[in-house]
Trainee: 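Take a look at this one; I'll ask things after.
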Amino acid sequence: MEVLSVASEAYPLVKTGGLADVAGALPAALRTEGVRLRTLLPGYPAVTASLADGETLWRAADLFGGAATIVAGTAAGLELLVLDAPHLFARSGNPYLGPDGRDWPDNALRFAALARVGAWLAQGLLASWHPACVHAHDWQAALLAAYLHYDGTAHSPCVLTVHNLAFQGVFPPSLLPALGLPAASFALIGVEYFGNIGFLKAGLLFADRITTVSPTYAAEIRTPADGMALDGLLRGRGAAVSGILNGIDCEVWNPAGDKLLPARYDETRLAARGANRQALQARFALAADGTAPLFAVISRLTLQKGMDLVLEALAVLLAEGGQLAVLGTGDGAMEQAFRDAARRHPGRVGCVIGYDEAVAHLMQGGADALLVPSRFEPCGLTQLCALRYGTVPVVARVGGLADTVIDASPVALAAGVATGVQFAPVATEMLEEAIRRAAALHRAPAEWRRMQRNGMATDVSWRDPARRYASLYRELTG
Ligand code: ADP
């Protein structure tokens with residue numbers, strides 16, 4: 001089956017978050033399911049430069065203010081259709097932000113153009129290739145479903161995946177004509193969203209199916225507490241909404257073959273993690289302590305990720321004899337707070353402010369536990385990597401964290417199936433209690449090893465998710 005994926009980022013070509021990981025990994029995972037996924041990506045400089053064998057399939061003299069082409073080719077193992085529209089995409093750096101760190105002022109047009117062309121492809125724009133199904137990702141591609149609806153012509157069915165409901169693509173109503181949408185579309189049953197144009201809202205309304213990246217998040221976003229003003233609409237879509245967990249690339253994240261680790265290991269050689277622990281402690285200027293429970297954080301430093309709770313629970317973590325290593329970037333005040341904590345507790349708290357894949361691998365290969373106290377978490381990838389590396393996840397019981405970690409409750413411990421520690425609700429005292437439980441488990445080496453091995457035996461690959469996406473496409477296309 002031929003499927004078109006429409007995304008604003010795809011690993012390894014362009015990445016700001018989990019969306020890129022998914023868009024980059026799904027094509028290979030779906031190949032084994034008999035699905036050929038071609039990806040429509042904006043022609044950012046990093047993308048156009050990567051195309052080895054580009055072939056122009058379509059040209060337009062004017063797409064939202066300038067010339068555009070679709071160039072087909074492969075890059076990094078991905079079969080791409082690149083929307084080359086220099087007036088919209090020939091800008092380096094972050095795909096959404098200008099050099100001043102703010103959204104590009106024409107983001108509405110830039111991503112509407114991506115969605116517009118995606119919709120045309122679903123209607124048979126190319127004589128040489130007509131996808132049976134279209135898979136749009138997040139607000140940047142969501143308007144595709146609205147174009148299909150208002151064009152009213154025959155088209156392939158459309159799945160919309162929500163990677164994070166917090167990002168909704170909301171723009172002023174004056175843009176409606178420029179986006180090529182009819183005046184009548186500015187309505188409750190349309191693209192109107194609290195007096196503005198809502199790209200994600202429109203997609204959620206008109207997509208044939210909506211998926212999000214975990215079953216629990218799919219349920220949470222249908223509640224007023226977590227629905228970010230879209231819960232009513234989502235409840236109205238009924239069974240069209242479902243959750244499919246993300247996987248991780250088990251070649252990139254493979255402790256037995258990871259060249260970024262000083263010592264490689266598998267579930268039968270967990271003692272080898274000791275060398276990684278030493279390198280990790282050296283990298284974060286932590287004391288070379290062989291027994292302290294070493295907690296790691298690999299995260300955007302934001303309120304969503306509950307990083308303020310980590311700062312608040314630090315005293316308990318230290319009182320339990322723990323060490324803390326933090327890798328991340330984000331909110332400036334939080335970055336500073338972690339730097340200050342490291343200064344106040346030399347040898348016990350260390351931080352690396354930055355985005356660094358190599359350090360992330362070292363942390364997964366050497367830390368005892370990974371803290372993920374997110375207030376909401378659509379799926380979460382770091383806890384999946386942690387499971388695979390025998391780092392015990394300590395997580396908030398929300399979204400994908402709830403779905404992927406088995407809490408070390410007395411019954412799970414007795415049954416020998418626990419893989420981590422969960423806490424709820426998301427509050428400082430609950431995180432503190434979770435840290436105490438994790439430290440106590442760490443003092444019982446047999447129990448701890450059991451949890452590590454259970455985690456490493458968990459299937460966190462794309463195999464099962466790919467099967468689920470393939471069956472969704474098949475269901476839609478009959
Ligand atoms: P997000 O909400 O940020 O997308 P996810 O857990 O879904 O959170 O995905 C984050 C991905 O980015 C993971 O693969 C994680 O390892 C990685 N990551 C996050 N921050 C950093 C960092 N500072 N350095 C290296 N990798 C990071």
Side-chain angles (χ1 to χ4, degrees), residues 7-12 14-26 94-96 137-140 161-167 212-214 216-217 221 228 243-255 258 260-261 280 283-284 296-307 310 325-332 334-335 338-339 350-367 370-389 391 393-396 398-405 420 460-462 465:
S8 57
E9 41 185 289
Y11 181 85
V14 49
K15 167 169 166 169
T16 72
L19 157 63
D21 290 315
V22 177
L26 263 185
N94 183 294
Y96 316 117
H137 295 274
D138 270 352
W139 74 264
Q140 294 91 339
T161 293
V162 180
H163 298 267
N164 190 337
L165 196 70
F167 304 117
T212 184
V213 287
S214 68
T216 293
Y217 192 59
I221 61 178
M228 301 197 171
I244 300 178
L245 277 171
N246 287 335
I248 56 170
D249 186 326
C250 289
E251 308 270 302
V252 173
W253 293 101
N254 174 16
D258 190 335
L260 295 168
L261 295 181
L280 170 57
R283 181 70 181 77
F284 283 79
V297 166
I298 305 167
S299 180
R300 290 187 284 118
L301 303 180
T302 64
L303 285 178
Q304 181 207 325
K305 298 290 182 179
M307 289 296 115
V310 174
V326 177
L327 168 66
T329 56
D331 180 84
M334 249 176 228
E335 292 181 354
F338 280 111
R339 280 198 196 95
C351 72
V352 171
I353 301 301
Y355 189 95
D356 192 322
E357 301 266 350
V359 175
H361 280 249
L362 180 61
M363 293 172 90
Q364 297 283 15
L370 182 82
L371 293 178
V372 197
S374 307
R375 288 192 163 79
F376 69 92
E377 192 61 77
C379 178
L381 298 174
T382 51
Q383 87 281 12
L384 300 180
C385 302
L387 289 169
R388 179 133 170 92
Y389 275 61
T391 300
V394 177
V395 305
V398 298
L401 301 172
D403 293 334
T404 54
V405 174
V460 293
S461 76
W462 276 102

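We're numbering straight along the sequence, starting at 1. These numbers come from a predicted model, not from an experiment. First listed ligand is number 1; within each ligand, the first listed atom is number 1.
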Trainee: Under a plain distance cut-off of 3.5 Å, with no hydrogens placed, do Y11 and D249 share a side-chain donor-acceptor pair?
Mentor: no
Trainee: Test side chain to side chain contact (heavy atoms under 4.5 Å, CB included) on I298 and L370 and set out the steps.
Mentor: CA-CA 8 Å; I298 305 167; L370 182 82; 4.0 Å; yes
Trainee: Can an N or O of G18 be found at a distance shorter than 3.5 Å from an N or O of ligand 1?
Mentor: yes
Trainee: Check whether any side-chain N or O of D138 sits under 3.5 Å from a backbone N or O of Q140 as a donor-acceptor pair, and report yes or no.
Mentor: no
Trainee: Would you confirm whether any non-hydrogen atom of the protein falls under 4.0 Å from atom 15 (C) of ligand 1?
Mentor: yes
Trainee: As a test of understanding, state which of S214, C379, P378 forms a side chain to side chain contact (heavy atoms under 4.5 Å, CB included) with N246.
Mentor: C379
Trainee: Mind checking whether C379 has a heavy atom under 4.0 Å from ligand 1?
Mentor: no
Trainee: Hey, is ligand 1 close enough to E357 that some N/O pair sits below 3.5 Å?
Mentor: no
Trainee: Return a table of donor-acceptor pairs under 3.5 angstrom between the side chains of residues 16-25 and protein atoms on other chains or two or more places apart.
Mentor:
from : atom 1 : to  : atom 2 : distance (Å)
T16  : OG1    : E9  : OE1    : 3.3
T16  : OG1    : E9  : OE2    : 2.7
D21  : OD1    : K15 : NZ     : 3.0
D21  : OD2    : K15 : NZ     : 3.0

Trainee: List the closest protein heavy-atom neighbour of atom 11 (C) of ligand 1: residue, atom name, distance to the nearest 0.1 Å.
Mentor: K15 NZ, 4.1 Å
Trainee: Based purely on interatomic distance, does Q304 place a nitrogen or oxygen under 3.5 Å from a nitrogen or oxygen of ligand 1?
Mentor: no
Trainee: Is it the case that ligand 1 has an N or O less than 3.5 angstrom from some N or O of R300?
Mentor: yes
Trainee: Taking only heavy atoms of G328 into account, list the atoms of ligand 1 that are under 4.0 Å away from them.
Mentor: 23 (N)
Trainee: Would H163 count as a contact residue for ligand 1, given that I'm defining contact as a non-hydrogen atom of the residue lying under 4.0 Å from a ligand atom?
Mentor: no
Trainee: If you have a sec, work out which protein heavy atom is nearest atom 8 (O) of ligand 1 and how many Å separate them, to one decimal?
Mentor: K305 NZ, 3.0 Å
Trainee: For atom 18 (N) of ligand 1, what's the nearest protein heavy-atom neighbour? Residue, atom name and distance, please.
Mentor: Y355 CE1, 3.6 Å
Trainee: Hey, which atoms in ligand 1 end up nearer than 4.0 Å to a heavy atom of T382?
Mentor: 6 (O), 13 (C), 15 (C), 16 (O)
Trainee: Considering heavy atoms of the protein only, find what lies nearest to atom 24 (N) of ligand 1 and give residue, atom and distance to 0.1 Å.
Mentor: D356 N, 3.0 Å
Trainee: Do any nitrogen or oxygen atoms of G354 lie less than 3.5 angstrom from nitrogen or oxygen atoms of ligand 1?
Mentor: yes
Trainee: Considering only heavy atoms from C-beta outward, does the side chain of V326 approach that of F284 to under 4.5 Å?
Mentor: no
Trainee: What part of L381, side chain, backbone, both or neither, has a heavy atom within less than 4.0 angstrom of ligand 1?
Mentor: both
Trainee: Determine whether R388 and L384 make a side-chain contact, defined as any pair of heavy atoms from C-beta on separated by less than 4.5 Å.
Mentor: no
Trainee: Kindly determine whether E377 and Y217 satisfy side chain to side chain contact (heavy atoms under 4.5 Å, CB included), including the steps that lead there.
Mentor: CA-CA 7 Å; E377 192 61 77; Y217 192 59; over 6 Å; no
Trainee: For a 4.5 angstrom cut-off between non-hydrogen side-chain atoms, does V310 reach F338?
Mentor: yes
Trainee: Ignoring hydrogens and angles, tell me if any N or O in the side chain of Q304 forms a donor-acceptor pair with the backbone of R375 under 3.5 Å.
Mentor: no
